[in-house]
2 protein chains.
Amino acid sequence: MNDTDKRQIRRRFGTNSVTMADVARVAGVSAQTVSRVLREPDGCSPQTVERVREAIRSTQYVQNHAASHLASNRSMTVAAVIPQIAASIFAETLQGLSNVLLQAGYQVIIGHTDYSHEREEAVVRNLLGRRPDAFFLVGTHHTDAVRDMLVRAAIPVVESWAWTDAPIDQLVGFSNQAALAEAVAYARRRGHARPTFVGSLRAGDDRARERMDGYLAGMAQHYPGFAPRTVVADELPYTMASGRALLDIARARHPDSDLLLFSSDLLAAGALLACQRQGIAVPQALAVMGFGDYEVASELNPGLTTIAVPTVRMGEEAARILVRRLRNETPDTRTLDLGFELVARGSA
Amino acid sequence: MNDTDKRQIRRRFGTNSVTMADVARVAGVSAQTVSRVLREPDGCSPQTVERVREAIRSTQYVQNHAASHLASNRSMTVAAVIPQIAASIFAETLQGLSNVLLQAGYQVIIGHTDYSHEREEAVVRNLLGRRPDAFFLVGTHHTDAVRDMLVRAAIPVVESWAWTDAPIDQLVGFSNQAALAEAVAYARRRGHARPTFVGSLRAGDDRARERMDGYLAGMAQHYPGFAPRTVVADELPYTMASGRALLDIARARHPDSDLLLFSSDLLAAGALLACQRQGIAVPQALAVMGFGDYEVASELNPGLTTIAVPTVRMGEEAARILVRRLRNETPDTRTLDLGFELVARGSA
DNA sequence: CTGTTAGCGCATTCAG
DNA sequence: CTGAATGCGCTAACAG
């Protein structure tokens, strides 16, 4: 009998996979009951629950998410927009986000912009087609179209990795500007005479730009009368090799600079390792600072002085905020500043 | 008039977002026509296409993917299962996969297993609920349940990052075993007397285990009569800090070893930098080899001798195979060996 | 080239 | 505690 049931399963046009109705037939209940057992087993009699679960097992039923989404108007997904998947630093944030969200039953769907606002627009539009229940974004600078789409979607939105007084909705981040101002203050305290900001500023990377602004502001404050120096490429990838290239440019352009403030640890690490090869003593001949506190920073010799940012926690806190919103619990404060921390090591 | 149209949009129960019917009303056509314009504009009159596109713009319509999926029985998504999102090496594969797939109109949905077969099972089940049109997996070792689910799903599957004679469906990879055997052969040629394999072998990381097997096989062949040496932790994360820790253990256990073969560049890099700190001359006092050819390998001093694997290409080729299958084009060969390459630098 | 009809598989009412 | 009816937004099949 049971075997017959199993075999009767599957028919019809597109799908030949097991449906809820199939499970219901095997369990001898209605489809609604199966649905209930799946979503709120407490409201069903224990025997029914067991019968249905057994039927699910024997039929190898896997719920169709698209159908569930369409019927309930909840996709149980959260969209996350990051600049690059392969950038480990955002992967950490994603991991924090995903961990907390999975606990609450939400899946994360990822889109990446390659540091382009134009691509961000396409990505957001695309992700909206999947009707996520909430949005997570890296960055606070977006095109009007993006802001508009997000506002019209009328779902919770959390921006991150930066700071602004006018977030689209909620914000979990820190001030890149303040971070670099702090780095400059540290440089002053340590007695560095001529700090230069070095970075790659890709068109859509507003966070790197904010860091440069922070450098400029810091210089104005702590090095009055000294003309700030910046060595900036606008299309180098964020790799150690770029750091090496930027080091050469910076040395050529400002040979008397005694400190290079890089916009990212990856660049700084590449520069520091290149210094090692070229016999440039760090920090005696040239000091180096980075940004991000990547793992490599603590392993280098000398250790890389850098600014640590709460990569994982940003994801986690954003997720917590979103889950609370999605459960209609009382909203938190609109913005959450997680700060940063200067980590002094040997390189500066 | 147009304004009135816009305002009449939205009503009903769950959704208050613009639907295809809304667009149709504004454009003065049927919903079906809107659908057609979206999917095969070539089969519609240019004026209709323009009218519909204008209506889409004015209403800010974004297609509901779940509904489309349900009706067409194609989700236009490909599921990708990787050990860790934050592991940059898999992120590269993902990037290759995603780039090619996006071109063809497919979205990638990601699941991560944290190197656990148990978690892989849950992840695969979960992803199957979204009815992906195809599956991409890192690794060739899976539980029976996973294989079973995937076979029953009756969709194209590509496994990667390893080699097997019995793939679930298709395979794009290389032999980890052969790679380490080659490393051992290189060690022999270079005159290293006592190579030790050092790695972290997390429970579900069969690729690392295969590398160790390759080391053992290589030793049997190239170092006959010499007892192979392995220093293996089973729960250390794949980080530079772990490499440092493993270096200490290896030095304590096999002080006379003149070459350490690490299961990953990250470990090797951590060890090499630790050697630098401890004043151990590389490669004179101790040679080091890694695996993966991470970016850091070429920046270290000395450069890290390692095995390069086609991280990005594996994703790209897998995607091409999947796209061809999904278009019902003639299937390729079942397996594709992308090989590996020993990159000799200064460390060994 | 375009419109009509009929579901896709599930969850939300509402009755019992 | 369980079942029946209804529709989510879209597309496949058919006409015309």
Side-chain angles (χ1 to χ4, degrees), chain A residues 9-52 55-56 59 61-76 105 128-131 133 153, chain B residues 9-52 55-56 59-76 105 128-131 133:
Chain A
I9 286 169
R10 96 183 22 178
R11 67 279 84 100
R12 231 178 322 220
F13 123 119
T15 313
N16 66 335
S17 70
V18 184
T19 74
M20 210 169 239
D22 296 322
V23 175
R25 208 170 306 126
V26 171
V29 297
S30 75
Q32 323 325 318
T33 302
V34 176
S35 176
R36 259 188 221 105
V37 168
L38 252 27
R39 278 173 304 100
E40 34 181 284
D42 296 341
C44 307
S45 82
Q47 315 122 56
T48 309
V49 170
E50 200 31 64
R51 276 231 306 291
V52 169
I56 288 176
T59 55
Y61 171 68
V62 179
Q63 204 177 3
N64 184 323
H65 181 269
S68 161
H69 172 177
L70 193 58
S72 69
N73 197 35
R74 288 173 318 144
S75 65
M76 298 307 286
L128 276 176
R130 308 183 107 81
R131 301 291 191 273
D133 295 334
Chain B
I9 286 167
R10 97 180 24 176
R11 67 283 81 105
R12 231 178 323 217
F13 121 121
T15 313
N16 64 333
S17 70
V18 184
T19 74
M20 209 168 240
D22 297 322
V23 176
R25 207 170 306 125
V26 172
V29 297
S30 75
Q32 189 53 233
T33 301
V34 177
S35 175
R36 261 190 218 102
V37 167
L38 252 27
R39 278 173 304 105
E40 32 182 281
D42 295 341
C44 308
S45 84
Q47 315 122 56
T48 309
V49 170
E50 200 30 65
R51 276 232 307 291
V52 169
I56 287 176
T59 56
Q60 306 231 39
Y61 172 67
V62 179
Q63 203 179 3
N64 184 325
H65 181 270
S68 162
H69 172 177
L70 193 57
S72 69
N73 197 35
R74 287 174 317 144
S75 65
M76 298 307 287
L128 276 175
R130 311 182 104 85
R131 299 291 189 275
D133 295 334

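Just so we're on the same page: letters track the sequence lines, and every chain starts at 1. Fair warning: this is a prediction, and the values are worked out from it, not measured in the lab.
- Of all heavy-atom pairs spanning A/Arg131 and A/Ser75, the tightest one is O-OG, 2.7 Å.
- Across the protein-nucleic acid pair, B/Leu38 atom CG and D/dT11 atom P stand 7 Å apart, rounded to whole Å.
- The shortest non-hydrogen separation linking A/Val52 to A/Ala27 is CA-CB, 4.0 Å.
- Checked options A/Asp22, A/Val26, A/Val18; the residue passing with A/Tyr61 is A/Val18 (criterion: side chain to side chain contact (heavy atoms under 4.5 Å, CB included)).
- Contact annotation: A/Thr33 reaches the phosphate of D/dG3 (side-chain N/O to OP1 or OP2, under 4.0 Å).
- Proximity of a side-chain donor or acceptor of B/Thr59 to a complementary backbone N or O of B/Val23 within less than 3.5 Å is not detected.
- C/dT12 atom P lies 10 Å from atom CG of A/Asn73, rounded to whole Å.
- Between B/Ser35 and D/dT11 there is a side-chain N or O to OP1 or OP2 distance below 4.0 Å.
- Between A/Ser68 and A/Gln63, the shortest heavy-atom distance links the atoms CB-NE2, 4.3 Å.
- Contact between the side-chain N/O atoms of B/Ser68 and the OP1/OP2 oxygens of D/dC10 is not found at any separation under 4.0 Å.
- For the residue pair B/Ala24 and B/Ala31, the shortest heavy atom distance occurs at CB-N, 3.6 Å.
- Over its full length, the helix from C/dC1-D/dG16 to C/dG16-D/dC1 turns its helical axis through 20°, comparing axes from the five pairs at each end and rounding to 10°.
- Listed candidates were C/dT2, C/dG9, C/dA11. Nearest to the side chain of A/Ser72 is C/dA11.
- With distances taken from any side-chain atom of A/Ser45 to the nucleotides D/dT11, D/dG7, D/dC1, the minimum falls on D/dC1.
- Across all their heavy atoms, A/Cys44 and A/Val49 have their closest contact at CB-CG2, 3.8 Å.
- For the pair B/Asp133 CG and C/dC8 C1', the interatomic distance rounds to 15 Å; values are reported in whole Å.
- In this structure, B/Gln32 places its CD atom 15 Å from P of D/dA15, rounding to the nearest Å.
- For A/Arg39, a side-chain nitrogen or oxygen approaches OP1 or OP2 of C/dT12 to under 4.0 Å.
- OP1 or OP2 of D/dT11 sits under 4.0 Å from a side-chain N or O of B/Gln63.
- Distances shown here put every side-chain N or O of A/Thr19 at or beyond 4.0 Å from the OP1 or OP2 atom of C/dC8.
- The side chain of A/Thr48 contributes an N or O atom lying less than 4.0 Å from OP1 or OP2 of D/dT2.
- Atom pair A/Met20:CE and C/dT12:C1' shows a separation of 13 Å (rounding to whole Å applied).
- Atom NE2 in A/His65 sits roughly 12 Å away from atom C1' in C/dC10 (whole-Å rounding).
- Between B/Glu40 atom CD and C/dT2 atom P the separation is 12 Å, expressed in whole Å.
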Please table the atom pairs, donor to acceptor, closer than 3.5 Å between any side-chain atom in residues 36-43 of chain A and protein atoms at least two apart or in another chain.
residue	atom	partner	partner atom	Å
A/Arg39	NE	A/Ser35	OG	3.4
A/Arg39	NH2	A/Ser35	OG	2.7

Notebook entry, point to check: Between B/Val34 and B/Val29, does a side-chain contact (heavy atoms from CB on, under 4.5 Å) hold up when you go through it step by step?
Noted result: CA-CA 7 Å; B/Val34 177; B/Val29 297; 4.0 Å; yes

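- C/dC8 atom C1' lies 15 Å from atom NE2 of A/His69, rounded to whole Å.
- Judged purely by atom type and a 3.5 angstrom limit, A/Arg130 has no side-chain atom pairing as donor or acceptor with the backbone of B/His65.
- Between A/Ser30 and D/dA4, a side-chain N or O to OP1/OP2 separation shorter than 4.0 Å is absent.
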N/O contacts under 3.5 Å, protein versus nucleotides 14-16 of chain C?
none

